[in-house]
Amino acid sequence: MNRTLDIAPLRSFVAVADAGGFQRAADALHLSQGAVSQHVRRLETAIGRPLVERRGRGSRFTIDGEKLLSLARGILALHDEGLRSFDNEARGTIVIGSTEHAAAQLLPHLATTLDRAAPRYGVKFRIDRGTKLRESFATGRIDLALLIGPADDPRATPVGDLALTWYSAPGWTPPRQGEPLPVVAFDNPCALRDRALVTLSHHSIPVAIAAEANQLAGVQAAVSAGAGVALLATLGQTPEGLVARDDLPRPKPLPLALWTRQGVAPPVSERVSDALRRLLTTAVLTEVPPHDFVLAKGA
């Protein structure tokens, strides 16, 4: 009997590992959970061994599943690289994904770095929420992803920390002692929102969410209108119309990591990660020319 490891089931199998479960993999691939489960069963039939086993309410890969996962990544990398070799636009473009928190100050400088490190490539940016970027990365639509959070994956390289600063409108007056502090926050899930609330809670400061937005522009507009304070990552560059505040608890910075898709030339990711480390330790960022941005809702 002929046995075949088809690409679609392999992609679902890898997505289960990268997304952390069948439902999340299905969401990332825009499939039903039943379709992803069926893909895994097809692989088990082809291999002739169980690849996933139940454990409590969840599941985990068997030893054979871990072995296939490693092989699947290599097969998909070769498959996708082969397709890209016939696509002139994709072959000449590196797609960098980032949340808005890091985009405005960092991405243009990364484009300049790539102009020198890989001059035959064009650069395109994808600005989106962290969850959406992780899904796009898992499905191969992003080559390099600049993500907030721990680098607990072999594809992630720590590049530094994002310093965080509280901002308000220039004439904003803090509430009286004991009254809730009005906070302008990004929609959940959001690392900055979590860090803001945890920081204030740690100092026993009561909080009232005064406004929410899913984009940076919305948060800044609400703060500028005097709705409350917001915690932002600005690399020392105060947004127009806002003022930094030193009368609120100083939050811990957020770790930043560069995620690299398998198949991206190592020198390219190394140059980008080196540039990020330099940028995150530089107080003043010089102006650079604009590049091609693809905007999406989210922060």
Side-chain angles (χ1 to χ4, degrees), residues 7-8 10-20 25 28-29 69-99 101-103 105-160 162 255-280 288 291-296:
I7 293 299
L10 288 174
R11 200 175 296 281
S12 290
F13 189 67
V14 171
V16 170
D18 292 343
L29 297 173
L69 179 62
S70 178
L71 293 172
R73 293 193 191 280
I75 292 171
L76 291 175
L78 288 173
H79 171 272
D80 294 346
E81 189 62 34
L83 288 180
R84 279 190 292 271
S85 69
F86 292 99
D87 186 338
N88 290 331
E89 180 180 358
R91 180 180 56 189
T93 302
I94 292 179
V95 181
I96 303 178
S98 174
T99 63
H101 309 313
Q105 288 81 16
L106 293 180
L107 293 192
H109 292 267
L110 293 188
T112 301
T113 297
L114 283 170
D115 285 344
R116 296 191 295 265
R120 66 189 181 92
Y121 288 99
V123 177
K124 182 179 290 186
F125 295 140
R126 176 74 184 180
I127 314 300
D128 211 332
R129 294 185 68 88
T131 52
K132 293 294 185 182
L133 290 174
R134 292 179 189 277
E135 292 172 3
S136 295
F137 183 83
T139 54
R141 297 195 295 271
I142 290 177
D143 300 304
L144 300 172
L146 192 56
L147 298 172
I148 294 172
D152 53 358
D153 188 285
R155 296 165 298 169
T157 302
V159 294
L162 275 178
L256 195 65
L258 180 69
W259 290 63
T260 304
R261 177 187 57 77
Q262 191 170 12
V264 173
V268 172
S269 60
E270 290 170 4
R271 292 283 184 90
V272 171
S273 59
D274 287 344
L276 282 168
R277 292 188 186 95
R278 290 194 299 271
L279 288 170
L280 289 169
V288 295
H291 282 71
D292 184 17
F293 281 83
V294 178
L295 297 179

Practice task
Measure the spacing between CG of Leu146 and CZ of Phe125 and express it to the nearest 0.5 Å.
Solution key: 10.0 Å

Problem - Separation of Lys132 NZ from Ile127 CD1 (nearest 0.5 Å) - result: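 Nearest 0.5 Å value for the CD1-NZ distance: 16.0 Å.
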
Exercise for the section: Output all residues satisfying side chain to side chain donor-acceptor pair (under 3.5 Å) with Arg73, sequence neighbours left out; order by chain, then residue number. Expected result: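 In terms of side chain to side chain donor-acceptor pair (under 3.5 Å), with neighbours along the sequence ignored, Arg73 is linked to Asp18.
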
Side chains of [X] and [Y] in contact at under 4.5 Å (non-hydrogen atoms):
| X | Y | answer |
| --- | --- | --- |
| Leu10 | Leu71 | no |
| Asp143 | Ile96 | no |
| Arg155 | Thr260 | no |

Please report the closest heavy-atom contact between [X] and [Y], naming both atoms and the distance.
| X | Y | answer |
| --- | --- | --- |
| Arg126 | Val95 | CB-CG1, 4.4 Å |
| Asp153 | Trp259 | CB-CH2, 3.4 Å |
| Ser269 | Leu144 | CB-CD2, 4.2 Å |
| Ala25 | Ser12 | CB-O, 4.5 Å |
| Pro158 | Arg277 | O-NH2, 3.2 Å |
| Ala257 | Ala156 | CB-CB, 4.3 Å |

Handout entry: Check: Arg129/Thr131 side-chain N/O donor and acceptor closer than 3.5 Å
Key = no

Practice task
Please determine which of Leu258, Leu133, Leu256 meets the side-chain contact (heavy atoms from CB on, under 4.5 Å) test together with Leu147.
Solution key: Leu133

